[in-house]
Amino acid sequence: DTGVSQDPRHKITKRGQNVTFRCDPISEHNRLYWYRQTLGQGPEFLTYFQNEAQLEKSRLLSDRFSAERPKGSFSTLEIQRTEQGDSAMYLCASSLERQWGDTEAFFGQGTRLTVV
Amino acid sequence: GEDVEQSLFLSVREGDSSVINCTYTDSSSTYLYWYKQEPGAGLQLLTYIFSNMDMKQDQRLTVLLNKKDKHLSLRIADTQTGDSAIYFCAENSNYQLIWGAGTKLIIKP
């Protein structure tokens, strides 16, 4: 397993367009997270899945954002009608919930979104 | 609310020890983490400590946890140029990680 992979690595889009990002977690990991990171800041939590169920969404995730994990494996994050404020690095992470608690979360390299 | 705080910059000479400090707020956190982020790269887990431990050592890395003061530190012994990066402290709060803004470690020759 090569770890968490994200696609694309970079995306430049015009304001108002829709974009979709994909994340492939580590195969046996049942938890998947989306975070957003802007320059000079730590990541901010957006949402998380336990298998295919989306269990929590941050208030940062406006109605323009939607995430899915249809079969409990890969996940997609879609942003509709992008705005310049959406420009950020979007990070995906996965972890394995064990009886005694999670293992650490492993991060992908992120998708850098630039809205022009 | 939840807040994790770190100094933004730390400058050390090559070969010296680096100590990066962090304060957190959620006393119920079970794990505390240190991640490293190099330019253009993803977040790499360096080490973590379980909340019932005071210290964890892993090669050049030493983590100290003071639960009473909610203070976490990362010591890097014999700092090398390859240690140049941003170091993030994070605490787990239920299902998510709460992050500091990161400390940029600058290595002087």
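Every chain is numbered from 1, with letters handed out A, B, ... down the list of sequences. Because the structure is a prediction, the values reported are computed rather than measured.
Between A:Gln37 and B:Phe88, the shortest heavy-atom contact is NE2-CZ, 3.3 Å.
Applying the 6.0 Å contact sphere to CZ of A:Arg15 captures no more than 12 heavy atoms from other residues, nucleotides or ligands. Around atom CZ of A:Arg64, more than 12 heavy atoms belonging to other residues, nucleotides or ligands sit under 6.0 Å away. Within a 6.0 Å sphere centred on CD of B:Glu38, other residues, nucleotides and ligands contribute more than 12 heavy atoms.
Once rounded to the nearest 0.5 Å, the distance linking CG of B:Leu45 with OG of A:Ser95 reads 11.5 Å.
By the criterion of side-chain heavy atoms lying less than 4.5 angstrom apart, applied directly or through intervening Ile, Leu, Val, Met, Phe, Trp or Tyr residues, A:Ile12 is not grouped with A:Val19; the two fall into different hydrophobic clusters. In the hydrophobic clustering of ILVMFWY residues, with side-chain heavy atoms under 4.5 Å counting as a link, A:Leu77 and A:Leu91 come out apart. Side-chain heavy atoms closer than 4.5 Å link hydrophobic residues (I, L, V, M, F, W, Y) into clusters, and following such links, even through other members, never connects A:Leu32 to A:Val4.
A:Phe45 places none of its side-chain heavy atoms less than 4.5 Å from the side chain of B:Trp99.
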A:Phe107 vs B:Tyr35, side chain to side chain contact (heavy atoms under 4.5 Å, CB included): CA-CA, chis, key distance, verdict: CA-CA 10 Å; A:Phe107 280 81; B:Tyr35 279 82; 3.7 Å; yes

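Of the atoms belonging to A:Arg9, it is side-chain heavy atoms, and not backbone ones, that fall under 4.5 Å from chain B. Neither the backbone nor the side chain of A:Gln6 comes within less than 4.5 Å of any heavy atom of chain B. For a residue to count as touching a neighbouring chain, one of its non-hydrogen atoms must lie under 4.5 Å from one of that chain's; by this rule B:Leu97 touches chain A with backbone and side chain alike. Residue B:Gln37 touches chain A through its side chain alone, counting heavy-atom pairs closer than 4.5 Å.
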